[in-house]
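What follows is a single structure, written as structure tokens, with notes after it.
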Amino acid sequence: MAKKNVSNDALLANIIKGIEEVKGNDIDILDLRAIDNTVCDYFVICNGTSNTQVNAIVHSIQKIVSKELKDKPWHVEGTENGEWVLMDYVNIVVHVFQKHIREYYNIESLWGDANITSIPSNY
């Protein structure tokens, strides 16, 4: 079965909606398209306050993207401990952290050449 093409903009919008639905914090979008040899076009990074909230964010993203775009992640890992969950939608990779784990790894600094857009929280 051929994978249907979903636009990056639509996928980004629905990922953000999924994060906001369960009050994920500190949402950053890293645009990697101008950087050579990257594995994807965008990273979406956010955090929750507990492993329960991290897993709720992941499930919310999956539910909304599936419902709205009929798409699912190619790969998901990290749900067992809920500290850092990676969701690979091929062109967009989502990182959902617990706050202290996000601060420790500081992925944003590793991709300093990326254009970073922060999404303000409405709560």
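Side chains are part of it too, since the values below use all heavy atoms of this structure and drop only hydrogens, waters and symmetry mates. Quick caveat: nothing in here was measured; it's all calculated off a predicted structure. FYI, the numbering just counts along the sequence from 1.
Scanning for side chain to side chain donor-acceptor pair (under 3.5 Å) contacts around E68 gives an empty result, with sequence neighbours left out. Under the ring pair (Phe, Tyr, Trp, His ring centres under 6.0 Å) criterion, W111 pairs with F43, sequence neighbours left out. Residues that satisfy the side chain to side chain donor-acceptor pair (under 3.5 Å) test with N106, not counting sequence neighbours, are S109.
Residue I29 holds its CD1 atom at 10.5 Å from SG of C46, rounded to the nearest 0.5 Å. With values rounded to the nearest 0.5 angstrom, I19 atom CD1 is found 11.0 Å from N14 atom CG. I15 CD1 to Q62 CD: the interatomic distance, rounded to the nearest 0.5 Å, is 11.0 Å.
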message: As a quick check of understanding, evaluate side chain to side chain contact (heavy atoms under 4.5 Å, CB included) for S66 and K72, giving each step before the final call.
response: CA-CA 6 Å; S66 176; K72 61 183 183 177; 5.7 Å; no
Show me the side-chain donor-acceptor pairs of residues 31-41 shorter than 3.5 Å, one per line, residues at least two apart or across chains.
{"unit_1": "D31", "atom_1": "OD1", "unit_2": "R33", "atom_2": "N", "d": "3.1"}
{"unit_1": "D31", "atom_1": "OD1", "unit_2": "R33", "atom_2": "NE", "d": "2.9"}
{"unit_1": "D31", "atom_1": "OD2", "unit_2": "R33", "atom_2": "NE", "d": "3.3"}
{"unit_1": "D31", "atom_1": "OD2", "unit_2": "R33", "atom_2": "NH2", "d": "2.6"}
{"unit_1": "R33", "atom_1": "NE", "unit_2": "Y42", "atom_2": "OH", "d": "3.3"}
{"unit_1": "R33", "atom_1": "NH1", "unit_2": "Y42", "atom_2": "OH", "d": "3.1"}
{"unit_1": "R33", "atom_1": "NH2", "unit_2": "Y42", "atom_2": "OH", "d": "3.0"}
{"unit_1": "T38", "atom_1": "OG1", "unit_2": "C40", "atom_2": "O", "d": "3.1"}
{"unit_1": "D41", "atom_1": "OD2", "unit_2": "N8", "atom_2": "ND2", "d": "3.0"}

Check residues 92-102 and write down every donor-acceptor pair under 3.5 Å in which the side-chain atom is one partner and the other belongs to a residue at least two apart or another chain.
{"unit_1": "H95", "atom_1": "ND1", "unit_2": "W84", "atom_2": "NE1", "d": "3.1"}
{"unit_1": "Q98", "atom_1": "NE2", "unit_2": "G82", "atom_2": "O", "d": "3.1"}
{"unit_1": "R102", "atom_1": "NE", "unit_2": "E108", "atom_2": "OE2", "d": "3.2"}
{"unit_1": "R102", "atom_1": "NH1", "unit_2": "D26", "atom_2": "O", "d": "2.5"}
{"unit_1": "R102", "atom_1": "NH1", "unit_2": "N47", "atom_2": "OD1", "d": "2.8"}
{"unit_1": "R102", "atom_1": "NH2", "unit_2": "D26", "atom_2": "O", "d": "3.1"}
{"unit_1": "R102", "atom_1": "NH2", "unit_2": "D28", "atom_2": "OD2", "d": "2.9"}
{"unit_1": "R102", "atom_1": "NH2", "unit_2": "E108", "atom_2": "OE2", "d": "2.5"}

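Looking at every heavy atom in both residues, V85 comes nearest to G78 through CG2-O, 3.5 Å. The nearest pair of heavy atoms linking P120 to E20 is O-OE2, 4.3 Å. Residues G24 and S121 come closest through the heavy atom pair O-OG, 4.4 Å.
A side-chain donor-acceptor contact under 3.5 Å links T49 and Q53.
I45 and I16 fall into different hydrophobic clusters, defined by Ile, Leu, Val, Met, Phe, Trp and Tyr side-chain heavy atoms under 4.5 Å apart, directly or through other members. In the hydrophobic clustering of this structure, L69 groups with L12; members are Ile, Leu, Val, Met, Phe, Trp, Tyr whose side-chain heavy atoms approach within less than 4.5 Å, directly or through other members. Cluster annotation: L86 is connected to Y104 through the hydrophobic network of ILVMFWY side chains, with a link wherever side-chain heavy atoms come within less than 4.5 Å. Residue I119 is grouped with residue M87 when hydrophobic side chains (ILVMFWY) are merged at heavy-atom distances under 4.5 angstrom, including chains of intermediate members. Following chains of ILVMFWY side-chain contacts shorter than 4.5 Å, one cannot reach L30 starting from V44, and the two form parts of different hydrophobic clusters.
Residue pairs meeting the salt bridge (Lys or Arg N to Asp or Glu O under 4.0 Å) criterion with at least one partner in residues 74-95, sequence neighbours excluded, are absent.
Taking 4.5 Å as the limit, some side-chain heavy atom of I61 sits within range of a side-chain heavy atom of Y89.
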